[in-house]
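Report on one structure; see the data block that follows.
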Protein chains: 2
Amino acid sequence: MGERVRHRRSDVVEHALSVLDRYGLADLSMRRLATDLGVQPSALYHHFASKQLLLAAVADELLARGRRDERATEGEWDELVAVVCGELRDAMLAYRDGAELVAAVSAFGLGARRPADELEQILGAAGLAPAGARLAARTLLHFVFGHVADEQTQLQASASGAIDGLPQDSDFAVGLSIVIAGIRDLILRQGNELPKNLSWVMGR
Amino acid sequence: MGERVRHRRSDVVEHALSVLDRYGLADLSMRRLATDLGVQPSALYHHFASKQLLLAAVADELLARGRRDERATEGEWDELVAVVCGELRDAMLAYRDGAELVAAVSAFGLGARRPADELEQILGAAGLAPAGARLAARTLLHFVFGHVADEQTQLQASASGAIDGLPQDSDFAVGLSIVIAGIRDLILRQGNELPKNLSWVMGR
DNA sequence: ACCTGAACACCGTTCAAGT
DNA sequence: ACCTGAACACCGTTCAAGT
């Protein structure tokens, strides 16, 4: 002891990612992080105004690490969508509780803006009006977050001795193809006639 | 004082629902619940082995209250699916943080078994093989949970003075119609040929 | 069957003060 | 710029004991 233990924002994020991967989101507390870094809990508030903002930074870094930096910019819209969603899945699967973290962060409106914007742009270029592109992009993200969160839950269950929890690429691919096929249908319908009576779909 | 304050399981669940609706999921703690009921925190563990199981019971009750008890059993599969999903949405929208609660509970494999089973059964009857019906049902639930969670987040933001957060039935209907159209496509494709090369959808 | 009392091992956040 | 020290107001859970 005697040496001061100064850190930068990026040191904190880096260590948070390793705690996340090793012990899970539930064990990722400000106090634990501080203790690990040899610092008082209050010191972390020099770098982040709240735990939520720290988690947002961790989620951003997790997604940034999962990004392949060169990526096809041309091709059919459905292929481009599949690439973005597959990359997002891989990024979240790379860290324990990655999907839970990203979903939590984007629930309070902070993370995953990048993939959301990319999907919206691709779908706009594919011919959807802005509102439709936005809705379709959100629907894709809901699928990806939900599906990968399920995969990681089962993964952890199987790590604790249960059976049959390996992530199935084909399940993800088929689920994604459902949403993509639905969007294709929306593109074809749009401009022509939107269903005049949506109430049947509401069930009342 | 002097009167003993005995409660039954259902009293605890009932009060938990009212705390949820009034103060939100973050304020729904075992200690707060106990204090409200005039009881020691440890007393709750007579009724529930853990907070997670208490939350599961609360989610079950929330969904049970949202159920219309007589419901069409015949009709087109897409209409039946829309009814189940719309009812699920209404049930969650009826309580503050309802979607967050149900999603959290079903993430650790406890709640919303009812809607999941119903959807699976409807989709099986529509001609999907068991694995496909299961996957399609989960995809529908991911959409509903994600979409309604978004709606409730925006609802709370707008309650705190922000603009433009009213739940839009039409957004839900359009999003749901995307997933339903995708499932329709899957039903048509199945038996014939499944896409031989799914790797394009994985993006690598 | 339902509850008390007390303890254990934690949380996030604030704030004046230090270097 | 980055951190300490101390406090405030909380958590979930366990367990022996009581009626």
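Proteins get letters first, then strands, A, B, ... in listed order; numbering begins at 1 in each.
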Taken in chain and number order and not counting sequence neighbours, the residues that satisfy ring pair (Phe, Tyr, Trp, His ring centres under 6.0 Å) with His142(A) are none

Distance, rounded to the nearest Å, where His46(B) contributes NE2 and dA1(C) contributes C1': 5 Å

Look at His7(A) and dC3(D) and indicate whether a side-chain polar atom (N or O) is within less than 4.0 Å of OP1 or OP2. yes

By nearest-nucleotide position on DNA chain C, the 5'-leaning member of Gln52(A) and Leu44(B) is Leu44(B)

From the options dG12(C), dT14(D), dC2(C), select the nucleotide whose nearest atom is closest to the side chain of Arg8(B). dC2(C)

Of the listed nucleotides dC3(D), dG12(C), dC11(D), the one nearest the side chain of Arg31(A): dG12(C)

Between Arg114(B) and Glu87(B), is there a salt bridge with N-O shorter than 4.0 Å? no

Proximity to the side chain of Lys51(A) - top-ranked nucleotide from dC3(D), dT14(D), dT13(C): dT13(C)

Which whole-number value in Å describes the distance from Arg32(B) CZ to dG12(D) C1'? 17 Å

Kindly determine whether Cys85(A) and Phe143(A) satisfy side chain to side chain contact (heavy atoms under 4.5 Å, CB included), including the steps that lead there. CA-CA 9 Å; Cys85(A) 291; Phe143(A) 164 72; over 6 Å; no

Say you pick atom P in dA9(C) and the same atom in dC10(D); how far apart are they, in whole Å? 23 Å

Residue whose closest nucleotide on DNA chain D lies nearer the 5' end, Ser42(B) versus Gln40(A): Gln40(A)

Compare side-chain N and O positions of His47(B) against OP1 and OP2 of dA1(C) and report whether any pair is under 4.0 Å apart. no

Where the side chain of Pro41(B) is defined as all heavy atoms beyond and including C-beta, which of dT4(C), dT13(D), dG12(C) is the nearest nucleotide? dT13(D)

Any side-chain N or O of Ser29(A) less than 4.0 Å from the OP1 or OP2 oxygen of dC11(C)? yes

Closest listed nucleotide, where the reference is the side chain of Met30(A) and the choices are dG12(C), dC2(C), dT4(D): dG12(C)

Minimum-distance nucleotide to Tyr45(B) side chain [options: dC11(C), dG12(D), dC3(C)]: dG12(D)

Of the listed dC3(D), dG12(D), dA1(C), the closest approach to the Ala43(A) side chain comes from dC3(D)

